[in-house]
Asks: 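Take this structure, written in structure tokens, and hold onto it; I'll ask about it next.
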Amino acid sequence: MYRILQQQLQAQIGTLLKEKYEIEIANLVVELPPKIEFGEMALPVAFELAKRLKKPPRAIAQELQPLLAEIPGVASVEIAGAGYLNVKLDRAATAKRIAADEHATVGGAGFRLVEHTSINPNKAAHVGHLRNAILGDSFARMLKADEYKPGYETGVQNYIDNTGVQVADIVVAITHLEGMKLDDVHAWMTELIETNTRLDYACWDLYANVSQWYDADPTQSVARKQLRLDTLHQIEAGDNETAEIADLIATGVLRRHLETMERLAIEYDFLPRESEILHLKFWEAARQLMVSKGVLYEEAEGKNKGCWVMRRAGVELAAGEVDEDAKILIRSNGTVTYVGKDIAYHLWKFGLLGKDFGYAKFREYPAHTCWISTMHGEDPHPSYGHADAIYNVIDSRQDDPQTQVKEALRALGYVAESERYTHLNYAFVGLTARTAEELGYKLSDEDKAKNFIEVSGRKGFGVKADDLIDRMIGAAKTEVDTRHPELDEVERAEIADAIGVGALRYFLLRFTRNTIIAFDYQDALAFDGETGPYAQYAAVRAANIFRKAGVSAEEAIAAVASLDLASMLEGEEGTSVWEVWLSVSRVSQVLEQAIATAEPAMLARYAFVLAQQFNNFYHRHHILNETDAARKTLLLATAAVARRELLRVLGWLGIKVPSAM
RNA sequence: GCGCCCGUAGCUCAGCUGGAUAGAGCGUUUGGCUACGAACCAAAAGGUCGGAGGUUCGACUCCUUCCGGGCGCACCA
């Protein structure tokens with residue numbers, strides 16, 4: 001609702017400036033004043049015009065003032081300070097429009113492909129992977145079509161590098177350190193299932209072991225590295241026992257990852273795998289395209305002689321100069337590099353490759369199917385390689401290669417596509433010294449002095465995702481058990497689940513993307529203050545009011561339409577109620593901004609502000625004891641709209657509200 | 001060496017395209033539960049926004065430079 005009025009104001013000023021002064025301003029600032037007494041919207045436009053019109057800002061403001069007051073919904077316009085135009089809204093009329101759920105819509109048509117999670121399927125997921133998945137899942141929820149975003153179509157994919165070195169490492173561990181053959185691997189995996197042991201956890205330790213083993217004996221390290229390389233090549237080639245073992249392990253670990261993520265309400269539509277990108281010869285198609293357009297060329301001189309390379313973004317060369325910094329896509333031995341394969345994959349995402357995966361069903365979620373890539377798929381099947389815009393949730397340490405892929409698209413002439421290619425990057429997750437020591441890691445004095453300790457899969461050092469989820473839910477369960485002994489075990493467990501997951505999701509979302517998170521168990525397990533449970537609690541309290549009042553939230557909201565609100569929203573008491581409505585009205589504005597900046601943290605913070613606003617209101621106005629019937633109706637409706645929007649925003653963040661807390 | 005990111009209260013972080021007295025949470029001190037359940041609310045203390053210049057009517061925000069910290073720059077994926 002706020003956004004609608006804001007847009008109207010901007011449009012009105014725009015035409016006014018054109019008619020009166022023949023001036024156009026690209027970005028008309030309409031902001032929230034620092035204090036509610038100044039009104040609901042403030043325009044510093046007069047300052048900007050002062051110089052161009054050679055008039056004092058106050059005089060300009062005076063000329064604009066009466067014209068703005070004519071906008072429907074605007075109660076008055078005042079001039080403040082040196083020339084601010086402060087707009088006061090018609091509170092009663094605006095509140096009724098909010099109650100009727102009038103709001104600006106966000107977004108537009110087109111298919112948006114969000115890729116996130118993308119964990120190497122060779123060991124358990126850790127807290128850094130959770131940041132990726134929660135960020136990606138929340139962003140996908142923000143984009144997904146609903147009444148706020150009628151146009152958006154989305155697909156969520158999780159890229160699986162099942163033929164990379166990390167999988168090769170785990171295969172070396174299994175075949176050489178553990179001495180297993182294919183049959184043994186089958187037996188081992190069956191045993192793990194029977195003893196209820198997590199495969200990805202077993203691999204976590206094996207991976208750490210083999211990583212140390214490569215360099216444990218200096219006389220052997222060359223041979224052991226060669227073994228790793230040979231293993232990798234066998235896996236890439238396929239159709240052999242090593243590749244079969246790799247597939248068994250990678251698929252088993254992948255299933256575990258999906259289970260872990262489903263605990264956090266994270267689901268996927270499609271799992272494209274590296275093995276199909278190789279075997280369906282995506283790269284060959286991309287290579288031909290790039291060569292034909294002159295983007296990929298063979299280097300004849302310098303250190304990269306004999307390689308096929310691509311120019312980096314923004315590089316200008318004089319005639320005859322050798323581009324030593326060019327990105328190598330094909331090595332002199334003829335093999336393709338990672339960025340090369342990634343370019344092929346991204347051409348597919350935009351439907352520019354002329355090839356598609358085979359699709360097979362892989363996992364059934366309660367409401368939909370998750371598909372996986374195969375050579376020869378099932379029919380009928382969906383297809384995801386036709387995106388209008390893509391969002392890749394990838395660690396910012398991958399900024400460089402991501403830029404190369406984008407540059408390749410641009411150089412090939414797909415400029416529009418490269419502009420709709422968003423690398424949704426984020427800083428990594430480290431551990432605080434306290435948490436690192438708690439996990440049994442011995443720290444040097446140098447480490448202790450740092451703000452964070454880096455996790456290391458090769459050392460087997462980090463916080464495993466399932467361990468963290470277990471502890472979050474466990475801590476919530478302890479609280480629920482003492483607070484609600486009257487509820488049965490199943491219900492208590494459900495509530496603890498919602499709280500633990502809500503706390504975890506909020507904890508990893510509240511930081512903006514480029515903030516390095518130093519993960520600390522103590523901070524994550526806090527359920528007070530700016531946390532997920534705080535926001536959930538506000539929604540639960542609101543729901544309790546309606547249960548006791550004997551009316552539904554919907555009825556409470558509907559009752560506002562026939563109420564004379566004007567006097568009830570003025571004065572100190574009225575303003576404290578109005579402030580809740582004003583906060584509530586900003587949903588689409590915040591959502592729009594959060595999508596534009598790809599920053600779910602903005603919505604997370606807004607959810608907290610809404611909850612805070614509600615809690616404040618809740619203490620100040622005792623709704624059920626209110627004797628004035630009209631006032632009680634307004635207070636009930638206030639709680640109802642606050643709850644409605646809080647639920648909406650928490651839904652975009654993937655945070656459920658439990659039945660009780 | 002080159003590129004990108006960060007430096008805001010004791011701690012952890014917000015601060016949207018430059019706008020009014022720089023905001024939260026935690027922690028500290030104090031007050032509030034026979035309640036719409038205190039996973040809450042209220043109040044207080046706490047800041048030369050890393051330093052120095054500059055642009056501007058106006059700078060936490062833009063530019064330059066310096067200091068401090070992080071990450072990335074391979075015929076690894």
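Residue numbers begin at 1 in each chain, while the letters A, B, ... track the order of the sequences.
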Asks: Using salt bridge (charged side-chain N to carboxylate O under 4.0 Å, His left out) as the criterion, list what pairs up with Glu454(A), not counting sequence neighbours.
Replies: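 Once residues adjacent in sequence are excluded, the partners of Glu454(A) under the salt bridge (charged side-chain N to carboxylate O under 4.0 Å, His left out) criterion are Arg397(A).
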Asks: Is any side-chain N or O of Arg483(A) under 3.5 Å from a base N or O of A39(B), one able to act as donor and the other as acceptor?
Replies: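 Yes.
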Asks: Is it true that Tyr345(A) and Tyr159(A) have ring centroids separated by less than 6.0 Å?
Replies: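 Close enough - the centres of the two rings lie under 6.0 Å apart.
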Asks: How many whole angstroms separate atom CZ of Phe507(A) from atom P of A14(B)?
Replies: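 So the two atoms are 12 Å apart, to the nearest Å.
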Asks: Which listed nucleotide (C73(B), G37(B), C71(B)) is nearest to the side chain of Asp400(A)?
Replies: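 Nearest to the side chain of Asp400(A) among the choices is C73(B).
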Asks: Considering only the P atoms, how many Å lie between C2(B) and A45(B), rounded to the nearest integer?
Replies: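 It works out to 48 Å between them.
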Asks: Among all residues two or more places apart in sequence or in another chain, which pass the salt bridge (charged side-chain N to carboxylate O under 4.0 Å, His left out) test with Lys305(A)?
Replies: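 In terms of salt bridge (charged side-chain N to carboxylate O under 4.0 Å, His left out), with neighbours along the sequence ignored, Lys305(A) is linked to no residue.
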Asks: If I pick the P atom on A20(B) and the same atom on C62(B), what distance separates them, to the nearest angstrom?
Replies: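 It comes out at 16 Å once rounded to the nearest Å.
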Asks: Which nucleotide, if any, forms a Watson-Crick or G-U wobble pair with A44(B), using both distances under 3.5 Å?
Replies: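 Its partner is U28(B) (Watson-Crick or G-U wobble, both distances under 3.5 Å).
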Asks: Now, which nucleotide makes the Watson-Crick or G-U wobble pair with G23(B), with each of the two distances under 3.5 Å?
Replies: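 Looking at the geometry, G23(B) pairs with C13(B).
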Asks: Which whole number of Å gives the distance between the C1' atom of U61(B) and that of G54(B)?
Replies: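 Their C1' atoms lie roughly 15 Å apart.
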Asks: Measure the distance between the ring centre of Phe38(A) and the centre of the six-membered base ring of A20(B), then answer whether it is under 5.5 Å with planes under 30°.
Replies: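 Phe38(A) vs A20(B): stacking yes.
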Asks: Gln402(A) has an atom CD; how far is it from atom P of C71(B), in whole Å?
Replies: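 Distance check: Gln402(A) CD to C71(B) P gives 20 Å.
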Asks: For His621(A), what residues pass the ring pair (Phe, Tyr, Trp, His ring centres under 6.0 Å) criterion, not counting sequence neighbours?
Replies: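 His621(A) satisfies ring pair (Phe, Tyr, Trp, His ring centres under 6.0 Å) with Phe617(A) once adjacent residues are dropped.
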Asks: If you take any heavy atom closer than 4.0 Å to RNA chain B, which residues from residues 525-532 of chain A end up in contact?
Replies: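 Output list: Phe527(A), Asp528(A), Gly529(A), Glu530(A).
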Asks: Could you run down the sub-3.5 Å N/O contacts of the protein with nucleotides 6-10 of chain B?
Replies:
from	atom 1	to	atom 2	distance (Å)
C6(B)	OP1	Asn514(A)	ND2	3.4

Asks: Take atom P in U64(B) and the same atom in C6(B), then report the distance between them in whole Å.
Replies: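 About 14 Å, rounded to a whole number of Å.
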Asks: Distance check: side-chain N/O of Arg541(A) vs OP1/OP2 of C40(B), anything under 4.0 Å?
Replies: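 No.
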Asks: Work out how far the C1' atom of A59(B) is from that of U17(B), and round it to whole angstrom.
Replies: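 Looking at atom C1' only, A59(B) and U17(B) are 15 Å apart.
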Asks: Before accepting this row, confirm whether a basic side-chain N of the pair Asp215(A)/Lys225(A) lies closer than 4.0 Å to the acidic partner's carboxylate O.
Replies: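 Yes, this pair counts.
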Asks: With Asn615(A), which residues qualify under side chain to side chain contact (heavy atoms under 4.5 Å, CB included), at least two apart?
Replies: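 Applying side chain to side chain contact (heavy atoms under 4.5 Å, CB included) to Asn615(A) gives Tyr534(A), Ala538(A), Arg541(A).
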Asks: Taking salt bridge (charged side-chain N to carboxylate O under 4.0 Å, His left out) as the test, write out the residues that go with Lys55(A), two or more places apart.
Replies: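 Salt bridge (charged side-chain N to carboxylate O under 4.0 Å, His left out) check on Lys55(A) returns Glu63(A).
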Asks: Lys35(A) has an atom NZ; how far is it from atom C1' of A22(B), in whole Å?
Replies: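 So the NZ-C1' distance, Lys35(A) to A22(B), works out to 14 Å.
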Asks: Can you tell me how far C1' of G31(B) sits from NE2 of His619(A), to the nearest Å?
Replies: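 Rounded to whole Å, this separation is 14 Å.
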Asks: If we take the C1' atom in both A24(B) and G68(B), what is their distance in whole Å?
Replies: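 About 26 Å, rounded to a whole number of Å.
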Asks: Can you run down the salt bridge (charged side-chain N to carboxylate O under 4.0 Å, His left out) pairs that involve residues 606-622 of chain A, sequence neighbours left out, and say none if there aren't any?
Replies: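 Checked against salt bridge (charged side-chain N to carboxylate O under 4.0 Å, His left out) - neighbours excluded - the pairs reaching residues 606-622 of chain A are Glu572(A)-Arg620(A), Glu573(A)-Arg620(A).
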Asks: What residues form a side-chain hydrogen bond (donor to acceptor under 3.5 Å, both in side chains) with Glu407(A), not counting sequence neighbours?
Replies: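 Here the qualifying residues are Arg410(A).
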Asks: Closest approach to the side chain of Asp399(A), judged atom by atom: which nucleotide of G15(B), A20(B), C4(B) is it?
Replies: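 For the Asp399(A) side chain, the nearest candidate turns out to be C4(B).
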Asks: Listed by chain and number, what are the side-chain hydrogen bond (donor to acceptor under 3.5 Å, both in side chains) partners of Tyr506(A), not counting sequence neighbours?
Replies: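 Tyr506(A) satisfies side-chain hydrogen bond (donor to acceptor under 3.5 Å, both in side chains) with Glu530(A) only.
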Asks: Does C40(B) have OP1 or OP2 sitting under 4.0 Å from an N or O in the side chain of Asn615(A)?
Replies: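 For Asn615(A), the contact criterion (side-chain N or O under 4.0 Å from OP1 or OP2 of C40(B)) is not met.
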Asks: Under 4.0 Å between a side-chain N/O of Lys548(A) and OP1 or OP2 of G37(B), yes or no?
Replies: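 Answer yes for this pair, as a side-chain N or O of Lys548(A) is under 4.0 Å from OP1 or OP2.
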Asks: To the nearest 0.5 Å, tell me how far Gln398(A) CD sits from Thr403(A) OG1.
Replies: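 Output value for this atom pair is 10.5 Å.
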Asks: OP1, OP2 of C71(B) versus side-chain N and O of Gln398(A): anything below 4.0 Å?
Replies: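 For Gln398(A), the contact criterion (side-chain N or O under 4.0 Å from OP1 or OP2 of C71(B)) is not met.
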Asks: Can you sort out the partners of Arg492(A) under salt bridge (charged side-chain N to carboxylate O under 4.0 Å, His left out), two or more places apart, ordered by chain and number?
Replies: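 Applying salt bridge (charged side-chain N to carboxylate O under 4.0 Å, His left out) to Arg492(A) gives Asp481(A), Glu489(A).
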Asks: What is the distance from CG of Leu424(A) to P of C5(B), rounded to the nearest Å?
Replies: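 After rounding, the gap between these two atoms is 16 Å.
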Asks: Counting only Watson-Crick pairs (N1-N3 plus N6-O4 or O6-N4) and G-U wobbles (N1-O2, O6-N3), all under 3.5 Å, who is the partner of C2(B)?
Replies: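 Across all strands, the one nucleotide that pairs with C2(B) is G72(B).
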Asks: Whether the side chain of Ser332(A) and the base of C75(B) hold a donor-acceptor pair under 3.5 Å is what I'd like checked.
Replies: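 Such a pair exists between side chain and base.
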Asks: Counting heavy atoms from C-beta on, name the nucleotide in C41(B), A38(B), U12(B) closest to the side chain of Arg510(A).
Replies: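 For Arg510(A), the side-chain atoms sit closest to U12(B).
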Asks: Counting side-chain heavy atoms from CB outward, which of A24(B), A14(B), A39(B) is closest to Gln612(A)?
Replies: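 Nearest to the side-chain atoms of Gln612(A), counting from C-beta on, is A24(B).
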Asks: Between Lys88(A) and Glu40(A), does any NZ, NE, NH1 or NH2 come within less than 4.0 Å of an OD or OE carboxylate oxygen?
Replies: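 No, no charged N to carboxylate O under 4.0 Å.
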Asks: For the side chain of Asn616(A), counting heavy atoms from C-beta on, which of C13(B), C41(B), G70(B) is nearest?
Replies: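 Nearest to the side-chain atoms of Asn616(A), counting from C-beta on, is C41(B).
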Asks: Any side-chain N or O of Tyr426(A) under 4.0 Å from OP1/OP2 of C71(B)?
Replies: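 Indeed not, no polar side-chain atom of Tyr426(A) lies that close.
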Asks: Determine the contact category for Asp523(A): base if any of its heavy atoms lies under 4.0 Å from a base atom, sugar-phosphate if only primed atoms, P, OP1 or OP2 are that close, otherwise nothing.
Replies: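 Since no nucleic acid heavy atom lies under 4.0 Å of Asp523(A), the category is nothing.
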Asks: Which nucleotide in the set C4(B), G37(B), C75(B) lies at the smallest distance from any side-chain heavy atom of Tyr537(A)?
Replies: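 Shortest atom-to-atom distance from the side chain points to G37(B).
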Asks: Looking only at side-chain N and O atoms, does Asn451(A) come under 4.0 Å of OP1 or OP2 in G70(B)?
Replies: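 Result: no.
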Asks: Quick one, give me the B/S/- string for nucleotides 56-63 of chain B, reading 5' to 3', where B means a protein heavy atom under 4.0 Å from the base and S means that only happens at the primed atoms, P, OP1 or OP2.
Replies: -B------
Asks: What's the CZ-C1' distance between Arg434(A) and C26(B), to the nearest Å?
Replies: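 Answer to the nearest Å: 11 Å.
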Asks: Would you kindly give the CD-to-P distance between Gln593(A) and G15(B), to the nearest whole Å?
Replies: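 Rounding to the nearest Å, CD of Gln593(A) and P of G15(B) are 10 Å apart.
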Asks: Using the six-membered ring of Tyr521(A), assess whether NZ or CZ of Arg471(A) lies under 6.0 Å from its centre and within 45 degrees of the ring axis.
Replies: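 Yes; both conditions hold, so Arg471(A) lies above the ring face of Tyr521(A).
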Asks: With a 3.5 angstrom cut-off on both distances, give the Watson-Crick or G-U wobble partner of U61(B), or none if there isn't one.
Replies: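 No nucleotide pairs with U61(B).
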Asks: Using whole Å, what does the distance between atom P of nucleotide A38(B) and atom NE2 of His484(A) come to?
Replies: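 After rounding, the gap between these two atoms is 11 Å.
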